[in-house]
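Index from 1, following the sequence.
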Amino acid sequence: MENSRQPEVDGMCDEKPIHLNGISRETFELFLEFTFGRYVDILCFYIDELSKFLRFCDMYQCSHAHEFVISRISSARYRFHPAKLINLAIKYHVHSIFPYAFQQLAETPITELTHAHRELMGNEVFLNVIYVQAALDSHRRIVAVEEPKILMHSNECQDPTGCNEDWHAIWWNGMGRFLLDGRNPQPYDDTVKRFKELQFGRVSEGCKDLMSKILDQGAAFKHAQQFLSETCSFLVEKLVFKPEPPSP
């Protein structure tokens, strides 16, 4: 009986560690720190390390750790490139970070998206980014050159013809210039704010107030955001799905 000893198996001592294929030591230590209540500053880790941690959480069904990492990434999403966030959202089925990342990609000049970014987001997302950018650019040009018409002038307007002419000129020289600025195109909200600060020539105060209310309603501007949201929802439904639970 003296010679009968329990065989040494992985995990019984330091010399026989448990090997987790595909999991780095840093990732496992991060998991232990979180599991046993030690404060973990997720934001000091690179996105690749966090991706490995999420993979570990998925492999071993650690839902609480998974949700914690996602919440911290979401709270500091501005620190990560949107292509990497898209990659995480698709790979680990995270709905919450996809809309923000897609919005940022839609506003990023296509020349600033590298081959590595395209690989991260995948061809379908990349093609939709191009499609959305082209559609939004076309919509922006239409808004810039087609001012809303003054259908009914205010009672105090003494020169409706001059009012219409100056409204058209101010729209093109103001709204058109702000929206189509080649170096620094302004978002719609900022454009409207700056537009209202211009001098309106023969446009009466009553007509100006009337048209300002129409601009504040943002009917023309909301089409762009609605189109972006619908495209994003389509991609989320198609690409960011919850995996089916394993069969018993």
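With sequence neighbours excluded, the residues forming a side chain to side chain donor-acceptor pair (under 3.5 Å) with Lys196 are Asp216, listed by chain and number. For Lys222, there are no salt bridge (charged side-chain N to carboxylate O under 4.0 Å, His left out) partners two or more places apart in sequence or in a different chain. Looking at residues two or more places apart in sequence or on another chain, you find no side chain to side chain donor-acceptor pair (under 3.5 Å) involving Tyr100.
Under a 3.5 Å cut-off, the side chain of Asp181 and the backbone N or O of Arg177 do not form any donor-acceptor pair. Using a distance-only test at 3.5 Å, with no hydrogens or angles considered, a donor-acceptor pair links the side chain of Arg77 to the main chain of Ser74. When atom types are taken as modelled, the side chain of Asn173 and the backbone of Ala169 share a donor-acceptor pair closer than 3.5 angstrom. In this structure a side-chain-to-backbone donor-acceptor pair under 3.5 Å is present from His95 to Val240.
Using cut-offs of 30° and 60° on the angle between ring planes, the pair Phe102 and Phe98 is parallel.
To the nearest 0.5 Å, atoms CG (Leu198) and CD1 (Ile170) are separated by 7.5 Å. Taking CG of Leu151 as the reference point, atom CD1 of Ile214 lies at 7.0 Å (rounded to 0.5 Å). In this structure, Ile86 CD1 and Gln104 CD are separated by 10.5 Å, a value rounded to the nearest 0.5 Å.
Heavy atoms of other residues, nucleotides or ligands lying less than 6.0 angstrom from CD of Gln199 number 12 at most. Open room surrounds CG on Asn155; 12 or fewer heavy atoms of other groups in view lie less than 6.0 Å from it.
Partner of Phe195 under the ring pair (Phe, Tyr, Trp, His ring centres under 6.0 Å) criterion, out of Tyr188, Phe200, Phe178: Phe200 alone.
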